Each structure stands twice: as C-alpha cells, then as structure tokens.
Amino acid sequence: MLDPKLLRESPELVRSAIAKKHLNVDLDEVQQLDKRWRGLLTQVEALRAQQKSVNGDMSQLAKGSPEFLAKVGEMKSLKTEVKTQEAALKDAETAWQDAMMSLPNIPHESVPEGKMDADNVIAATHGDVNAVSAHAKPHWEIDGFENLFDFPRGAKVTGAGFPYYIGDGAKLVRALIHFFLEEAGQVGYTEVNPPIFVNAASATATGNLPDKEGQMYETVVDQLYAVPTAEIPLTNFFRDEILPEADLPVQRCAYTPCFRREAGSYGKDVRGLNRLHQFDKVELLKWVHPSQSYGELENLRGDAERLLQKLGLPYRVLLMCGGDLGFAQAKKYDLEVWSAGQERWLEVSSCSNFEDFQARRARIRFRNCDNKPELVHTLNGSGLAVPRVLAALLENNLQEDGTVKLPEVLVPYFGRDTVSFG
RNA sequence: GGAGAGAUGGCAGAGUGGUCGAAUGCGUCUGACUCGAAAUCAGAUUUACCGGCAACGGUAACGGGGGUUCGAAUCCCUCUCUCUCCGCCA
C-alpha cells in the first residue's frame, strides 16, 4: 500500500507511476473517496467529542436527578446520530481502503519504460550459451528421465504438476536445496524453517490475498493457505513489530516447497520441470534501512547470481520495465538460466525491492534516530528455484553417453559427479 | 477431542459500569547531586488516524469481532491465542 499522504501531496507522482506500469486506475475517484472519508471522519469525531463531554458532566450529577435524566435524553439522541454517521463512515472507509489498495507501488526512476516482457532491459549476461553440451536435448527427452522423475504416478496420486523425484532425482533436489542454503548462510542469511501454511492475515499482508488469480491452494476446514513462496511466512515473521535500528539489515533465508495452482497457464512451457504445482525453492529476504535498499537490491541480485556462476550455468539478468514490473515492486531483476535443450531462457529468480509498500501493509518498522517508528524497506529474491535449475543442469551437462556431469560445487552435496538415468 | 483458567502499556501487575490512556513496581530517557559512576531525588516515557506551517487540538486502541447501556478495560456473545488437567498421537 502507498502512503496516503503521497496521494494527497503529490498525486502527479502516483499518476505517473500508474502510467509507467501501464495500469488502469481512476485516480480522481480515489482522491474523491479520500476526501469523503476524511470529511465523515471529522464529523464522527466531533460527535464523539460531544458524547464524551456530556458523559463527563453526567458523572458529576446525582443519578436519577432531573439534570441527570435530561442528559440521558441528550445522550440518547447523540447515540442514534453517531450510529448513522458511523455506518456511513465505515462504508466510506472501506471504499477508500479498497481504492488505496488498488494503487501500485511507484517504480524507481531507474526502471525502464516499457509495456511488456519484450521491453525488459538485459542488464547483464554471464557465461557462453554456445559452450554447453553438444548433446543437449529437452530434459524430458533424456533417456531414462522417467526413472528419476515420475510424472504419471504423480498425476495418479495427486494431479498434473506434482511429480515424484526418485533415486538420483530426489538426491539432486536435496543436493541443490542444501547447496543453496549453505551458500546463503555464507553471505549472512540466517536459515529459517517456516510454516508452509499461512493464515489469511499473513497472505493479505504480503498482497497474496485477495487472490484474484486463484493462485493459492486453500485448506477446506481451517482456511489456511499453502504457501506459493516462502516470502509469505518470512515477511510476516516481523508483522506488527518494531525492530531495533541496530538490527538492520536483517537477512534470512528459507527453503520451502512452494504450491501454485497456476490457474490459466497452459501451453508448451509446462512440459517437464518447467512449471509445476509443487516445487522447491530457497528464498532470500532482507529487511533494511530505507536509505540502503537500492544498494541491498544489488547485493541480493549478486547473491542469487553467484549461485548460477558456481553451478557453471549461463544466465542473463533482466531489468524489468514498468509494464512488466509487479504491482508491489519498485524495481525488479529477473535471473534467467539458459536451457540448452529447449534453447530458451528459464526464470529461476526474481529479486525485488518493495521499498515500504509491503512494510506498510504488514506494519514492519524500526525505531529511527529520532526514536520514532519508521517503515523498513523489504526485499526478496529466490536463491534459487530448484526445478528449472535442475532442468538446465540436466540439459546443459548432458554427455554423449547419456549421463549428466555435475559441477564441482555439487559433488559434496550429491556425493558423486555423475547422474545416470539407468 | 473433553474439562477448566486466562489475555491490560517495553516487562511485571492493579483495576468488575461513570472524569481510566489506565494505579503501582521494574525498565528506559532527561535533569540535579558527583571528578566520574553507583545510590538518591525531580521530571519524562504508547501507538495510529484526522485537522494545523507549527505550537497544539481532536478521536481511537485494555487479544480480534459483535452486542447490552445514556456511558464498557469492567456485563453478554463469538473467534483467536496461552496455560493446567484428561484423552489421543509422531
């Protein structure tokens, strides 16, 4: 959520933000709702002040005295008036809040103009896409793939997009998770093992609710949501809290399975490990001082990039344009790994600075040098999503004999340097 | 799952219908005393929103929501969470 003061003091800034993100929001209406709410609030507060004052008088009077009874009459009429005004205020407030929620975060000035993914700017490329295996093929076409990754049985037991990982397949997943967590720990992220179901309040604070896209799985009886990303339980850890300034930046990482319904996304990019309903991911989170957040975004991006470098996977970094930037992000980099078999880029991380947009909703603050609570800036990024990294590893490192040679860094975690599909 | 108890400010803990944003203690901060510190004394010490350039003024908040009442921290309902006992279970 944006600072309501921003809308009042610099509406043109909000207007240009909406334009840059290519969204369609009636800002005039939001401003009107704001005005209406404030007007009603003033009225109701004046009435309440009157109530309090009369009530104060009453406490001085003898109960049952004529003066007392007269005040009771006065209070009764005040009561009905307050009741009707309050109802109007509540409606106005709800409408105003909904309207405020419809305002996107302001893109940072360094965010390029653009409408869609084709307008994203390639900020960096690393590695040579031509230097990978000459034997590369889509991972699902590798001989014996089904021995390590069993989709049909997953579909039988649960549904499409819930594969079984078997033998070396399972071990590879575990090795990658372990590698990612160890690397994150090395650069100062404290490991957290969070709940993987969250309540409505938490999902709302991070903006996952209201779930317009039907993205999340919801439990029937308890109204809990299976996390689509560890970002939700991690960010909400400090919800409604005030952190000591000296603790900033706080850095945490978590491995969780992630659950996404992916409603509406069909097509050929769903083959194999490309898009799953359940997948494993390590998420990196930072809570930082507002003055540090853009430097920290670069650090975060670097932390994610280093993983791909160590794995020897060619990748590129996209700086998202205004139109392809999410609703809540002020600036975002996507990391895409080269998938040699599919000859396409696969998104494996998305590193974002939310500034205080998330923190306002979740009320995460720190005590600044004036000893006043101030909103922190939050950042998060994947470090990394497992299945697509796995896909790239299998494709890019496929050898002539049909086995896959693993990068050195994974050997301590996997135990061997070769994956066989037999 | 069954029975019971509870939830108050940074913490502890009073308050069972009227001037209670809330006693008291601890903590924290400022000042005095001191060469300095401790102890002591004095004062201060929640947050959010609205109005205001500001000083400041107003409103709200005693786990959440709803109700009773002229008036609710206090009474009623409900939800959540915590604790104790029993049952069950990895």
Side-chain angles (χ1 to χ4, degrees), chain A residues 1-11 30-101 103 193-205 209 218-225 233 236-247 356-376:
Chain A
M1 189 173 148
L2 280 180
D3 187 350
K5 288 196 182 75
L6 198 65
L7 179 65
R8 289 168 202 154
E9 288 160 14
S10 351
V30 182
Q31 285 177 305
Q32 271 180 11
L33 289 170
D34 183 44
K35 219 170 167 181
R36 177 160 77 101
W37 169 67
R38 284 193 288 167
L40 283 167
L41 183 64
T42 307
Q43 283 180 44
V44 167
E45 288 189 348
L47 282 171
R48 288 209 189 117
Q50 207 182 332
Q51 269 185 319
K52 274 176 80 163
S53 143
V54 177
N55 193 42
D57 296 343
M58 285 178 74
S59 64
Q60 310 284 9
L61 296 169
K63 268 183 201 161
S65 68
E67 296 92 338
F68 187 90
L69 292 174
K71 295 286 186 191
V72 170
E74 192 178 335
M75 288 288 271
K76 273 187 176 171
S77 67
L78 266 176
K79 184 190 186 176
T80 39
E81 199 178 343
V82 166
K83 220 164 190 173
T84 50
Q85 291 281 56
E86 264 180 346
L89 176 65
K90 200 171 181 180
D91 287 350
E93 183 163 13
T94 308
W96 170 73
Q97 268 172 353
D98 289 351
M100 282 306 298
M101 295 285 202
L103 299 179
N193 188 335
I196 60 168
F197 286 91
V198 294
N199 58 31
S202 297
T204 305
L209 280 180
E218 182 181 354
T219 63
V220 177
V221 288
D222 296 301
Q223 299 250 311
L224 295 175
Y225 299 86
N236 276 280
F237 185 90
F238 292 118
R239 175 150 56 88
D240 294 320
E241 293 189 29
I242 298 175
L243 308 170
E245 184 171 6
D247 286 5
D356 63 11
F357 196 83
Q358 265 188 343
R360 181 169 295 104
R361 242 177 150 169
R363 289 179 304 279
I364 305 170
R365 296 171 291 173
F366 69 100
R367 224 167 258 290
N368 65 19
C369 51
D370 294 328
N371 213 33
K372 284 283 165 200
E374 183 180 335
L375 294 166
V376 300

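Proteins get letters first, then strands, A, B, ... in listed order; numbering begins at 1 in each. The figures that follow rest on heavy atoms only: side chains count, while hydrogens, waters and symmetry mates do not. Owing to the predicted nature of the structure, the values given are computational and were not obtained by experimental measurement.
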Review point. In terms of the nearest nucleotide of RNA chain B, which residue is placed more toward the 5' end: A/Ser59 or A/Pro4?
Key: A/Ser59
Review point. If you find the nucleotide of RNA chain B closest to A/Leu41 and the one closest to A/Gln51, which residue's nucleotide is nearer the 5' end?
Key: A/Leu41
Review point. Atom CG in A/Asp57, atom CD in A/Glu74: separation rounded to 0.5 Å?
Key: 8.0 Å
Point to revise | Distance (rounded to the nearest 0.5 Å) between A/Asn55 CG and A/Lys71 NZ | key: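 The distance works out to 11.0 Å.
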[X] has an atom [atom1]; how far is it from atom [atom2] of [N], in whole Å?
| X | N | atom1 | atom2 | value |
| --- | --- | --- | --- | --- |
| A/Leu69 | B/rG18 | CG | P | 19 Å |
| A/Leu40 | B/rG51 | CG | P | 13 Å |
| A/Leu47 | B/rC70 | CG | C1' | 15 Å |
| A/Asn371 | B/rU45 | CG | C1' | 9 Å |
| A/Met75 | B/rG18 | CE | P | 14 Å |
| A/Asp240 | B/rG64 | CG | C1' | 12 Å |
| A/Glu74 | B/rC70 | CD | C1' | 10 Å |
| A/Asn199 | B/rC81 | CG | P | 9 Å |

Remember a base hit wins even if backbone is also touched, and classify [X] as base, sugar-phosphate or nothing at under 4.0 Å, heavy atoms.
| X | value |
| --- | --- |
| A/Lys90 | sugar-phosphate |
| A/Arg363 | nothing |
| A/Lys76 | sugar-phosphate |

Practice item. Could you work out which one of B/rC50, B/rU47, B/rG18 sits closest to the side chain of A/Arg365? Key: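 Comparing B/rC50, B/rU47, B/rG18 against the side chain of A/Arg365, the answer is B/rU47.
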Review point. Can a donor-acceptor pair under 3.5 Å be found between the side-chain atoms of A/Lys63 and the base atoms of B/rG18?
Key: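 A donor-acceptor contact between them is present.
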Check your understanding: Does a side-chain heavy-atom distance below 4.5 Å link A/Glu245 with A/Glu374?
Key -> no
Phosphate OP1/OP2 of [N] contacted by [X] side-chain N/O (<4.0 Å):
| X | N | result |
| --- | --- | --- |
| A/Arg48 | B/rG58 | no |
| A/Lys71 | B/rG71 | no |
| A/Arg367 | B/rG10 | no |

**Study point:** Complementary nucleotide for B/rG1 - Watson-Crick or wobble, under 3.5 Å
**Key:** B/rC86
Check your understanding: Will you find, in the side chains of A/Thr94 and A/Asp91, an N or O donor that is under 3.5 Å from an N or O acceptor?
Key -> no
